[in-house]
Chemist: 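Dropping the structure in here first, questions after.
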Number of protein chains: 2
Amino acid sequence: MPNNPHINSCTVSYDTLNCFNKLTDEELLYMEKNRLEINYKEDETICKQGTFASHIIYICKGLVKIYVEDDAGSLILKILPKGNLIGLSALYDGNNIFPYSATAYQDTKARLIDIHVFRKLLKSNAEFASEIINVMCENSIQTFGRFFSLTQKQSYGKLADIILCLSDRIFKKNEFDLDLTRKELAELTGMSTERVIRMLKKFKDDKLIAINKKTFKILDEEKLQHISQYG
Amino acid sequence: MPNNPHINSCTVSYDTLNCFNKLTDEELLYMEKNRLEINYKEDETICKQGTFASHIIYICKGLVKIYVEDDAGSLILKILPKGNLIGLSALYDGNNIFPYSATAYQDTKARLIDIHVFRKLLKSNAEFASEIINVMCENSIQTFGRFFSLTQKQSYGKLADIILCLSDRIFKKNEFDLDLTRKELAELTGMSTERVIRMLKKFKDDKLIAINKKTFKILDEEKLQHISQYG
DNA sequence: AAAAAAAAATGACTTGGGTCATGATTTTTT
DNA sequence: AAAAAATCATGACCCAAGTCATTTTTTTTT
């Protein structure tokens with residue numbers, strides 16, 4: 001994985017807005033004319049697994065959870081900050097169905113681009129399509145990382161992983177206000193809430209992190225990296 | 001997930017050879033001139049995680065295991081029969097590195113397409129790029145399914161899942177010669193070999209499957225489906 | 001500011017599935 | 001066809017992580 005010494009479950013950093021630079025003025029105008037801008041409140045559903053994907057969704061602001069559900073359980077595939085697209089997986093011909101649900105962790109602003117328009121642009125502008133392929137590559141590599149992390153690492157490794165991910169990729173600081181509950185953090189690591197609480201205490205006792213109310217601070221990034229990799 | 005009542009870890013069915021129909025004669029010729037045909041023996045490495053991806057690999061014949069490795073362990077991302085492409089994830093600009101390894105489960109014949117040629121075709125032919133996007137969509141949905149299966153289902157569900165996958169998608173019959181060892185089957189389900197052996201016995205005792213040497217036969221597909229979904 | 005509700009914490013107990021040891025088969029090598 | 005090496009199979013034991021019950025703290029509502 002690029003720039004990363006080991007496999008982790010980080011989200012992507014790429015801002016997909018760049019893709020749209022490849023469109024001609026005419027195409028941009030065409031797209032602009034066929035898009036909506038929508039605001040979602042915290043916990044609101046942005047798209048629902050199994051429903052018809054009428055739009056590709058660009059996240060302008062906020063933080064979104066992408067997950068799949070079934071009788072067997074529920075799995076968070078990724079969390080996406082602004083600059084990402086939701087629904088690319090629904091693009092393929094003959095499908096048009098969201099393979100996952102998305103809900104807003106925070107108040108979120110999104111642009112909805114008509115999927116037919118999007119597909120038309122792909123079919124007419126190879127440069128644009130190439131950029132979307134880039135994005136999809138990054139997405140898939142990121143999914144592999146999270147897949148690996150959740151299936152191969154032990155609990156401490158998974159937790160260290162997600163904390164580093166939040167710090168490095170989502171909030172981009174060592175100290176950040178985590179407005180996720182312990183329960184949400186547990187969901188994100190695929191573990192029970194109690195387990196996460198106990199581990200956070202351990203990390204605190206070991207001076208790897210400091211927690212003050214909702215404020216997380218990473219004290220020993222190196223050690224966390226090590227735990228993420230070997231623990 | 002299309003045509004599927006519940007999430008599973010099946011491989012894709014799409015034959016990517018279709019993509020190349022979108023190329024002009026000239027482009028096809030250009031590609032043909034820049035490809036190699038290589039045979040791999042069982043267990044041979046086709047590509048290695050972390051190495052430079054000089055080619056996109058089309059599987060003409062055989063069966064391939066795609067996996068990632070790290071200090072923390074090893075994870076099979078997917079198994080690919082003929083008609084699939086290896087290395088699409090390495091396409092994105094600035095990367096060019098295989099994010100996974102591939103080895104042949106059986107003797108395999110592959111066509112290696114120069115990655116620069118491939119990328120050039122993507123940038124010049126939007127129809128072709130669109131088809132590749134289709135393939136990538138299917139791939140990502142399939143990965144989500146396997147991700148879900150391995151993280152959310154219990155052992156019997158995972159095993160039922162993989163047996164159905166082999167039957168429905170790989171061998172396309174109810175009865176097939178499985179030239180995978182119990183150990184490989186265990187790897188594929190992310191469990192210990194002993195666990196798999198015990199579960200197979202249970203499935204046999206319960207008359208869900210019959211095993212004669214290497215020949216597997218599915219006796220009660222419906223029940224297996226049920227176990228895959230709820231078990 | 002009091003009451004209600006939600007979230008965080010902690011201890012006790014359970015369990016799914018891994019590990020290890022050993023023996024029986026099957027496959028491969030010589 | 002005998003020997004060696006894998007693989008398959010089974011029992012005994014263990015442990016990481018889940019579940020459940022209860023208490024404390026924080027947040028939200030009235």
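Letters A, B, ... mirror the listed sequences (proteins, then strands); counts begin at 1.
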Chemist: For A:N8 and A:S149, does a side-chain donor sit closer than 3.5 Å to a side-chain acceptor?
Modeler: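 On atom types as modelled, these side chains do not qualify, holding no pair under 3.5 Å.
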Chemist: D:dC15 P sits how many Å from A:Q154 CD, rounded?
Modeler: 13 Å
Chemist: Starting from the 5' end of DNA chain D, give me the residue, A:M191 or B:L200, whose nearest nucleotide shows up first.
Modeler: B:L200
Chemist: State, with a plain yes or no, whether a side-chain heavy atom of A:Y92 is found less than 4.5 Å away from one of B:E138.
Modeler: yes
Chemist: Do B:K65 and B:Y67 form a cation-pi contact, if we require the NZ or CZ to be under 6.0 Å from the six-membered ring centre and within 45 degrees of the ring's axis?
Modeler: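 Judged by the rule (NZ or CZ under 6.0 Å from the ring centre, within 45° of its axis), B:K65 counts as positioned above B:Y67.
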Chemist: Give a yes/no answer on whether the side chain of B:S155 brings an N or O atom under 4.0 Å of OP1 or OP2 in C:dG17.
Modeler: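 Yes, such a contact exists.
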Chemist: A:S192 near the nucleic acid: base, sugar-phosphate alone, or nothing, with a heavy-atom cut-off under 4.0 Å?
Modeler: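 Base, at least one base heavy atom under 4.0 Å.
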Chemist: Could you let me know what D:dA5 is paired to, Watson-Crick or G-U wobble, both distances under 3.5 Å, or none if it's on its own?
Modeler: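 When the pairing criteria are applied, C:dT26 turns out to be the nucleotide that pairs with D:dA5.
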Chemist: How many Å lie between NZ on A:K202 and P on D:dA17, as a whole number?
Modeler: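 It works out to 13 Å between those atoms.
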Chemist: Using a 3.5 Å cut-off and no angle test, enumerate the donor-acceptor pairs between side-chain atoms of residues 200-207 of chain B and protein atoms at least two apart in sequence or in another chain.
Modeler:
| residue | atom | partner | partner atom | Å |
| --- | --- | --- | --- | --- |
| B:K202 | NZ | B:D206 | OD2 | 2.8 |

Chemist: Starting from P on C:dT10, measure out to CG on A:D205 and report it in whole angstrom.
Modeler: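 Atom-to-atom, A:D205 to C:dT10, this comes out as 9 Å.
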Chemist: Heavy atoms from C-beta onward define the side chain here; which of D:dT7, C:dA7, D:dA9 lies closest to that of B:T181?
Modeler: D:dT7
Chemist: Using atom NZ of A:K183 as one end and atom P of D:dG18 as the other, report the distance to the nearest whole Å.
Modeler: 15 Å
Chemist: Hey, is the side chain of B:E194 pairing donor to acceptor with the base of C:dC20 inside 3.5 Å?
Modeler: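 Such a pair is found, so the answer is yes.
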Chemist: Tell me the interatomic distance from A:I211, atom CD1, to D:dT26, atom P, rounded to whole angstroms.
Modeler: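 Roughly 13 Å, once rounded to whole Å.
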Chemist: Please report the distance, rounded to the nearest Å, between NZ in A:K214 and P in D:dT26.
Modeler: 12 Å
Chemist: Taking the cut-offs as 6.0 angstrom to the six-membered ring centre and 45 degrees off its axis, would you call A:R195 and A:Y156 a cation-pi pair?
Modeler: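 Yes, cation above the ring, under 6.0 Å and within 45°.
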Chemist: Taking donor-acceptor contacts at under 3.5 Å, does the side chain of A:R198 reach the base of D:dG18?
Modeler: no
Chemist: Could you tell me the separation between the CZ atom of B:R182 and the P atom of D:dT10, rounded to a whole number of Å?
Modeler: 11 Å
Chemist: Take the protein atom CZ of B:R195 and the nucleotide atom C1' of D:dG11, then report the distance between them rounded to whole Å.
Modeler: 14 Å
